[in-house]
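Notes for the one structure printed next.
For reference, positions follow the sequence shown, starting with 1.
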Amino acid sequence: AEGAEGADAAPSARSDASRGSDLPAQDREREKARLQKLLKDFAKACVAGIAVSVVNARTGRMPPYLFQMDRRLAMFSLRPSDGYSVENVMEDFSMRDVVAIFKGREVCNRVPFLGLDAASCVGIDMRNERRNLVLHFDDALDRDKFYTSLQVLKMSVDIQSSA
């Protein structure tokens with residue numbers, strides 16, 4: 001009886017394996033479509049402007065800014081949205097100068113005074129360390145979408161510049 005069970009098990013294992021090999025391809029296509037939609041939505045939002053707060057590493061203040069990108073998604077700018085603060089000046093950044101994008105524990109390690117607020121932040125390291133950024137988001141989902149989209153965009157820029 002044991003041999004019969006083993007014989008029955010083999011074909012189902014093989015058919016499960018062949019079905020399983022199709023699933024990763026389907027999953028990859030689904031994930032690809034999800035990322036494409038996420039990026040398309042991100043691009044639209046960036047061109048229009050995304051409300052963020054820029055963490056001042058010296059003072060701990062988080063004044064409101066507007067994160068905007070050009071239509072080619074090659075440059076981004078941060079414009080003060082309070083309109084008058086002396087500490088808040090508009091700055092332009094090139095995506096080619098982005099060295100690293102991080103969130104979570106890495107933000108907490110680099111800017112410990114943020115405490116629990118670090119969980120709502122995305123850090124962006126630039127070639128010129130004096131231009132490094134920490135952006136604070138009011139909504140965790142918005143932070144995660146921003147982080148993922150910026151990571152994918154950064155990979156795309158890296159691929160284009162190495163070609």
Side-chain angles (χ1 to χ4, degrees), residues 24-163:
Q26 290 171 342
D27 288 347
R28 277 194 303 273
E29 285 303 312
R30 256 193 304 266
E31 183 63 9
K32 183 179 173 184
R34 187 186 73 78
L35 280 174
Q36 285 173 334
K37 181 180 179 345
L38 182 72
L39 279 174
K40 185 178 177 183
D41 293 346
F42 177 72
K44 282 181 187 175
C46 281
V47 171
I50 296 174
V52 299
S53 295
V54 176
V55 177
N56 182 315
R58 289 189 322 276
T59 66
R61 292 189 55 224
M62 293 188 259
Y65 273 76
L66 197 62
F67 178 98
Q68 279 187 295
M69 294 193 83
D70 66 344
R71 292 195 183 284
R72 292 184 359 254
L73 304 179
M75 299 284 296
F76 67 90
S77 62
L78 285 164
R79 303 180 195 289
S81 56
D82 63 6
Y84 62 88
S85 178
V86 175
E87 150 185 11
N88 306 340
V89 294
M90 186 192 88
E91 286 198 62
D92 292 323
F93 301 84
S94 170
M95 280 302 296
R96 289 178 186 238
D97 291 336
V98 173
V99 176
I101 303 160
F102 53 94
K103 66 177 183 172
R105 184 172 303 283
E106 185 68 20
V107 173
C108 196
N109 290 343
R110 292 179 186 215
V111 194
F113 69 79
L114 281 174
L116 294 175
D117 281 332
S120 301
C121 294
V122 171
I124 304 172
D125 281 352
M126 305 300 289
R127 276 205 180 100
N128 178 345
E129 286 183 20
R130 287 177 295 186
R131 299 194 80 200
N132 289 353
L133 299 166
V134 176
L135 307 178
H136 179 271
F137 293 81
D138 291 333
D139 182 77
L141 183 60
D142 289 343
R143 184 220 46 180
D144 289 343
K145 286 179 181 177
F146 182 90
Y147 171 81
T148 301
S149 299
L150 204 59
Q151 284 279 34
V152 172
L153 183 57
K154 171 71 179 131
M155 284 187 266
S156 172
V157 167
D158 289 347
I159 289 167
Q160 289 172 4
S161 28
S162 68

Looking at [X] and [Y], would you say the former's side chain and the latter's main chain have a donor-acceptor pair under 3.5 Å?
{"X": "Thr148", "Y": "Asp144", "answer": "yes"}
{"X": "Arg143", "Y": "Ala119", "answer": "yes"}
{"X": "Gln68", "Y": "Ala48", "answer": "yes"}
{"X": "Lys154", "Y": "Ile101", "answer": "no"}
{"X": "Asn56", "Y": "Arg61", "answer": "no"}

Set of residues satisfying salt bridge (Lys or Arg N to Asp or Glu O under 4.0 Å) with respect to Asp138, sequence neighbours excluded: none

Nearest-0.5 Å distance that lies between atom [atom1] in [X] and atom [atom2] in [Y]:
{"X": "Cys108", "Y": "Glu106", "atom1": "SG", "atom2": "CD", "result": "10.0 Å"}
{"X": "Gln151", "Y": "Lys103", "atom1": "CD", "atom2": "NZ", "result": "9.0 Å"}
{"X": "Leu153", "Y": "Met69", "atom1": "CG", "atom2": "CE", "result": "5.0 Å"}

Can you establish whether the number of heavy atoms outside Leu141 located under 6.0 Å from its atom CG is more than 12? yes

When you check the gap from the basic side-chain N to the acidic O, do Arg30 and Asp27 get nearer than 4.0 Å? yes

Any ion pair linking Glu31 and Arg28 (charged N to carboxylate O, less than 4.0 Å)? no

Side-chain contact test, heavy atoms from C-beta onward, threshold under 4.5 Å: evaluate it for [X] versus [Y] and give yes or no.
{"X": "Met62", "Y": "Asp117", "result": "yes"}
{"X": "Phe76", "Y": "Leu150", "result": "no"}
{"X": "Leu78", "Y": "Val52", "result": "yes"}

Would you call the rings of Phe67 and Phe42 parallel, tilted or perpendicular, where under 30° means parallel and over 60° means perpendicular? tilted

At their closest point, which heavy atom of [X] faces which heavy atom of [Y], and how far apart are they?
{"X": "Asp70", "Y": "Ala74", "result": "OD1-N, 2.8 Å"}
{"X": "Arg131", "Y": "Asp92", "result": "NH2-O, 2.5 Å"}
{"X": "Ser149", "Y": "Leu38", "result": "OG-CG, 3.4 Å"}
{"X": "Leu66", "Y": "Ala51", "result": "CD1-N, 4.1 Å"}
{"X": "Ala45", "Y": "Ile50", "result": "O-CG1, 3.7 Å"}

side-chain contact (heavy atoms from CB on, under 4.5 Å) filter on Val47, not counting sequence neighbours, yields Arg71

Compile the donor-acceptor pairs under 3.5 Å between side chains in residues 120-129 and protein atoms, sequence neighbours left out, one pair per line.
unit_1	atom_1	unit_2	atom_2	d
Asp125	OD1	Arg110	NH1	2.9
Asp125	OD1	Asn132	ND2	3.3
Asp125	OD2	Arg110	NH1	2.4
Asp125	OD2	Arg110	NH2	3.2
Arg127	NH1	Arg96	O	2.9
Arg127	NH1	Asp97	OD1	2.9
Arg127	NH2	Arg96	O	3.3
Asn128	OD1	Arg130	N	3.0

What do the steps show when you test His136 against Leu114 for side chain to side chain contact (heavy atoms under 4.5 Å, CB included), and what is the final call? CA-CA 10 Å; His136 179 271; Leu114 281 174; 6.0 Å; no

Val54 vs Leu135, side chain to side chain contact (heavy atoms under 4.5 Å, CB included): CA-CA, chis, key distance, verdict: CA-CA 5 Å; Val54 176; Leu135 307 178; 3.8 Å; yes

